[in-house]
Amino acid sequence: MASRPHVALIGMMGSGKSTAGFWLAQSEGLRFVDLDAAIEERHGRSVSEIFKADGEERFRDMEQSELDGCMTSAQPLIVSCGGGVVLRAGNRALLRQRAWVCWLRASIETLTRRIRTGNSRPLLGENPVADLIQISDARAALYAETAHRVIDVDSLEASQVAERIKHIWPHQPSLR
Ligand code: S3P
């Protein structure tokens, strides 16, 4: 375990993990990793291209491997996880063990407002709102089981989310 735990942000696509994580890392002087961006950089393709060419399971393998790399880093990191990181039990266990995990919980209205449709969200089809509801319902228990804390982000700007995390994040190794 690093001397300070990593901070991992989880939650649905559009919940603001990347922006809040970036702010937090800036103000804490820590390295920020966006898991999706790290996968894209490593494999030289966008997440959408990976989904299209290789399928979701292969993407989940890449995601798991990228998460493993982050969680075993000796340097404390602020990690923004893709919304589906909680689907694998191994990821959930690793996150609980190695990071202080915060669920950025948003209503479907907020998610819908923040998500621009297009080909950058491979899990959203012709009816993105219905897809968001279905995915969010299916994952709520997994986010809850993985998170050490929850922040309801509907009325908060990313910078305010980062400020809240700063105040509740335990800056010490013990997580349990
Ligand atoms: C996914 C969320 C995306 C990305 C991929 C799958 C998901 O990340 O990992 O499209 O399963 O919810 P963001 O949550 O950062 O948008």
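Just so you know, ligand 1 is whichever comes first in the structure, and atom 1 is the first atom listed for that ligand. Everything numeric in this text was worked out from a predicted model, so none of it was measured.
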Quick one: look up the protein heavy atom nearest [atom] and list residue, atom name and how far away it is.
atom                    : value
atom 12 (O) of ligand 1 : R139 NH1, 2.7 Å
atom 15 (O) of ligand 1 : D36 OD2, 3.2 Å
atom 2 (C) of ligand 1  : G83 N, 3.4 Å
atom 5 (C) of ligand 1  : V47 CG1, 3.8 Å
atom 16 (O) of ligand 1 : R121 NH1, 2.6 Å

Any N or O of K17 closer than 3.5 Å to N or O of ligand 1: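 Yes - when backbone and side-chain N and O of K17 are compared with those of ligand 1, one distance drops under 3.5 Å.
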Considering only heavy atoms of [X], which atoms of ligand 1 have at least one such atom less than 4.0 Å away?
X    : result
R60  : 6 (C), 7 (C), 11 (O)
F59  : 9 (O)
P122 : 10 (O)
L123 : 7 (C), 11 (O)

Taking the non-hydrogen atoms of M62, is any one of them nearer than 4.0 angstrom to ligand 1?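 The answer is no, since M62 has no heavy atom less than 4.0 Å from ligand 1.
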Looking at ligand 1, does E56 have a heavy atom less than 4.0 Å from it?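 E56 does not count as a contact of ligand 1 under the 4.0 Å cut-off.
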Going from CD1 on I165 to CH2 on W23, what distance comes out if it is rounded to the nearest 0.5 angstrom?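 If I round to the nearest 0.5 Å, the distance is 13.0 Å.
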Does a sphere of radius 6.0 Å around CZ in R60 hold more than 12 heavy atoms from other residues, nucleotides or ligands, not counting ones at 6.0 Å or beyond?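 For R60, atom CZ is crowded (more than 12 foreign heavy atoms under 6.0 Å).
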When you look at CD of E41, are more than 12 heavy atoms from neighbouring residues, nucleotides or ligands closer to it than 6.0 Å?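 No, not enclosed.
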Output yes when a side-chain donor or acceptor of Q64 lies under 3.5 Å from a complementary backbone atom of D61, and no otherwise.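 Absent.
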Do F32 and V7 come close enough that some side-chain heavy atom pair is under 4.5 Å?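 No, their side chains stay 4.5 Å or more apart.
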Quick check: closest heavy atoms across L24 and A162, and the distance to 0.1 Å?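 L24 and A162 have their closest heavy atoms at CD1-O, 3.7 Å.
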Keeping to residues at least two apart or across chains, list the ring pair (Phe, Tyr, Trp, His ring centres under 6.0 Å) pairs with something in residues 59-86.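 As it turns out, the ring pair (Phe, Tyr, Trp, His ring centres under 6.0 Å) pairs with a partner in residues 59-86, which skip direct neighbours, are F51-F59.
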Show me the side-chain donor-acceptor pairs of residues 131-140 shorter than 3.5 Å, one per line, residues at least two apart or across chains.
{"unit_1": "D131", "atom_1": "OD2", "unit_2": "G125", "atom_2": "N", "d": "2.6"}
{"unit_1": "R139", "atom_1": "NH1", "unit_2": "G83", "atom_2": "O", "d": "3.2"}

